[in-house]
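Here the structure is laid out as structure tokens; the discussion comes afterwards.
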Amino acid sequence: MKRQNRIAFFNILSTVVLKGSAFFTGMLFARLLGGSGYGELKLYTIAVNVIAILFTLQTQTTLPNARVEYPEGEQERYQSSVMTLSALTFGLCAGLVLVFLKPVSRLLDLQPVMVLLVLFQAFGTFCVEFLNKKNVYEFRAGWNMILSLVMTLVPLVFAVILILRLPYETRYVGRVVANAVSYGVVGTGVCIALLYRGRTFYHREYWKFCLVLAVPAVFHNLSDLILNQMDSLMLNALMNTAAVGYYSNAWGFANFLFILFQALNNIWCSFFFEDMKQGSREAMLDKSRNFLEVFTILACGFILLAPEVYHVYAPKEFWVATGLIPLFISGYYVNFLCTFPVNFEYYHKKPKVVAVITISSSLLNLVLNYVFIKAIGMTGAALATLISHGLQLTLHHIYASRVLGKQAYPFPLRLWVRYPVVFCAVLAVVFLLPDAWFVRWPLGAVLGIFMLLRVKKRKVLI
């Protein structure tokens, strides 16, 4: 029990530090870059994420399934082999970009040198995420903590040094260069280390197993990225870069809740795959109920305290986006509910279904963004994403519970429906009493105390 709690604590902390750096630094960079500069940084980051998904085949997503499929002695060989697959694919795609650098530069609306930085950072980001996922599923929480600290502190210090030396209107370039160099150098080192340890560069069976799962994951992750970032792209096209900056800063603030979800989900998924493999259904369901309870309370507490905290977090220029935060958090909560049918589908090797559903939701998001942004601006973008996540949850639940029902889907509606009901009740309080902090904050404190008592009673977080 103590080992499980220790692993959970450090995995949560490392994920929050690694993926939450944008949240922690958002307060600083909003002030250093301003609305337009922050918007430019957001658009660059979207380009990095798209390249990281498309050019690497997302082989890291197959690591949980590989741990189920192959014995412990083959894990390093498998990891080395699929890392080679990703490196070769990335090299080929990057080569094509270099050949057609000018047209690609115009397509991305970036200077050629910025495109080169996108490529360097994208590969590094993939390698860092690969090592992060490897450490999570091998329960190496201490190493993940070290990785997270390095990838947070080094780019931050480097960025501040560069930004303070640049003119105000181009300061965002300092953050771009700092991220690209830091992730590119560390990621390349990670790639070399994994290849050296496994020393298996081509393995037909491993590549076949990987590609069956990874290629659909590319479409799923890309569609999921579009689902979550199309609003920023459409705001840039239909409004202006400053609107992207305001919207993105509020999104980044609310995204801290999503980072907590990812941290908790990493822990839950590692135990979910292991319990399913061992046939420990009751143990898996106990952890799932704990996950539902903990994240629901975190989401409720976050949404209750968010308005006042955001006004400390962001300069006054950005406060126009305060009202979007409840919509962002609602979208993240719906996304959280998707994790149960989605991971059940992944366990049963149905990545194509996951990809198709995500693509469908992304297409709906594209249409709704265009209609809603033209009608109600930034609020329309947030609302479009929330509705699209709702469609995603509905389709996943129907498929997992009905089509895969013969395989005993363990998460029926009655297991989890009471939790979103509680969340919706708290959401209603926030919308009905937007200025009544003296009601919302005590309610948040009560929820926090309740969660601490529950965790103390069961002696585990999840």
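These figures come from a predicted structure and were not determined experimentally.
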I303 and V430: which non-hydrogen atoms are nearest, and at how many Å? O-CG2, 3.6 Å

Side chain N249, main chain G245, donor-acceptor under 3.5 Å: no

Which atom names give the shortest non-hydrogen contact between P326 and L427, and what distance separates them? CB-CD1, 4.0 Å

Taking R440 for the side chain and D435 for the main chain, is one N or O donor matched with an acceptor at less than 3.5 Å? no

Hydrogens and angles aside, do Q392 and T394 bring a side-chain donor and acceptor to less than 3.5 Å of each other? no

Between atom OG1 of T89 and atom CD of Q58, what is the distance when rounded to the nearest 0.5 Å? 11.5 Å

Measure the shortest side-chain to side-chain distance between Y333 and F295 over non-hydrogen atoms and say whether it is less than 4.5 angstrom. yes

Are any of the side-chain heavy atoms of L364 and L368 separated by less than 4.5 Å? yes

Does some side-chain heavy atom of F130 sit less than 4.5 Å from a side-chain heavy atom of T56? no

Test side-chain contact (heavy atoms from CB on, under 4.5 Å) on Y347 and F272 and set out the steps. CA-CA 9 Å; Y347 181 80; F272 170 76; 4.1 Å; yes

Among E74, Q79, E69, find the residue that satisfies the side-chain contact (heavy atoms from CB on, under 4.5 Å) test when tested with Y206. E74

For residues Q60 and K133, report the shortest heavy-atom separation together with the two atoms involved. O-CD, 2.9 Å

Go through M451 and L298 one step at a time and tell me if the side-chain contact (heavy atoms from CB on, under 4.5 Å) criterion holds. CA-CA 9 Å; M451 186 178 76; L298 286 173; 4.1 Å; yes

Under a 4.5 Å cut-off applied to non-hydrogen side-chain atoms, are E293 and Y419 in contact? yes

If you apply the rule side-chain contact (heavy atoms from CB on, under 4.5 Å), what do you find for T61 with L213, and how did you get there? CA-CA 8 Å; T61 62; L213 297 173; 5.9 Å; no

Using the side-chain hydrogen bond (donor to acceptor under 3.5 Å, both in side chains) rule, collect all pairs that involve residues 43-54, keeping only residues at least two apart or in two chains. Y44-Q121

Checking side-chain contact (heavy atoms from CB on, under 4.5 Å) for the pair Y70/E205: CA distance, chi angles, key distance, verdict? CA-CA 11 Å; Y70 301 111; E205 180 187 341; 3.2 Å; yes

Less than 4.5 Å apart, any side-chain heavy atom of L285 and any of E282? yes

On a heavy-atom basis, the closest approach of S81 and W207 is OG-NE1, 2.8 Å

Can you give me the closest heavy-atom contact between T200 and T84, atom names plus distance? O-OG1, 4.1 Å

From the options F258, Y310, Y247, select the one residue that forms a ring-ring contact (aromatic ring centres under 6.0 Å, His included) with F328. Y247

Are more than 12 heavy atoms from other residues, nucleotides or ligands located less than 6.0 Å from atom CZ of F431? yes

May I have all residue pairs that pass side-chain hydrogen bond (donor to acceptor under 3.5 Å, both in side chains) and include part of residues 336-345, sequence neighbours excluded? N265-T339, T339-N343, E345-H396

Are V356 and F219 packed together at the side-chain level, in the sense that at least one heavy-atom pair is separated by less than 4.5 angstrom? no

Distance-only polar pair, side chains of T62 and Y78, donor-acceptor under 3.5 Å: yes

So how far is it from I357 CD1 to L391 CG, rounded to the nearest 0.5 Å? 8.5 Å

Only one of W416, F411, F344 passes ring-ring contact (aromatic ring centres under 6.0 Å, His included) with H397; say which it is. W416

Gap between atom CH2 of W441 and atom CG of L305 - 0.5 Å precision: 4.0 Å

Using a 4.5 Å cut-off on heavy atoms from C-beta on, say whether the side chain of R67 contacts that of E72. yes

For the ring-ring contact (aromatic ring centres under 6.0 Å, His included) test, which of F318, F302, Y332 pairs with F253? F302

Check whether the side chains of N365 and N369 place a donor and an acceptor atom closer than 3.5 Å, and report yes or no. yes

What about W268 and F336, are their ring centers closer than 6.0 Å? no

Do you know which two heavy atoms are closest between L195 and F201, and how far apart they sit? O-CE2, 3.8 Å

CG/N65 to SG/C210 distance, rounded to the nearest 0.5 angstrom? 10.0 Å

Atom OG1 of T296 and atom CZ of F423: how far apart are they, to the nearest 0.5 Å? 8.5 Å

Side-chain heavy-atom pair Y370, K374 within 4.5 angstrom cut-off: yes

To the closest 0.5 Å, what do you measure between CG (L225) and CD1 (I46)? 7.0 Å

Using a distance-only test with no angle check, is there a side-chain donor-acceptor pair under 3.5 angstrom linking R199 and Y196? yes

Between F123 and F126, how do the two ring planes meet: parallel, tilted or perpendicular, split at 30° and 60°? tilted

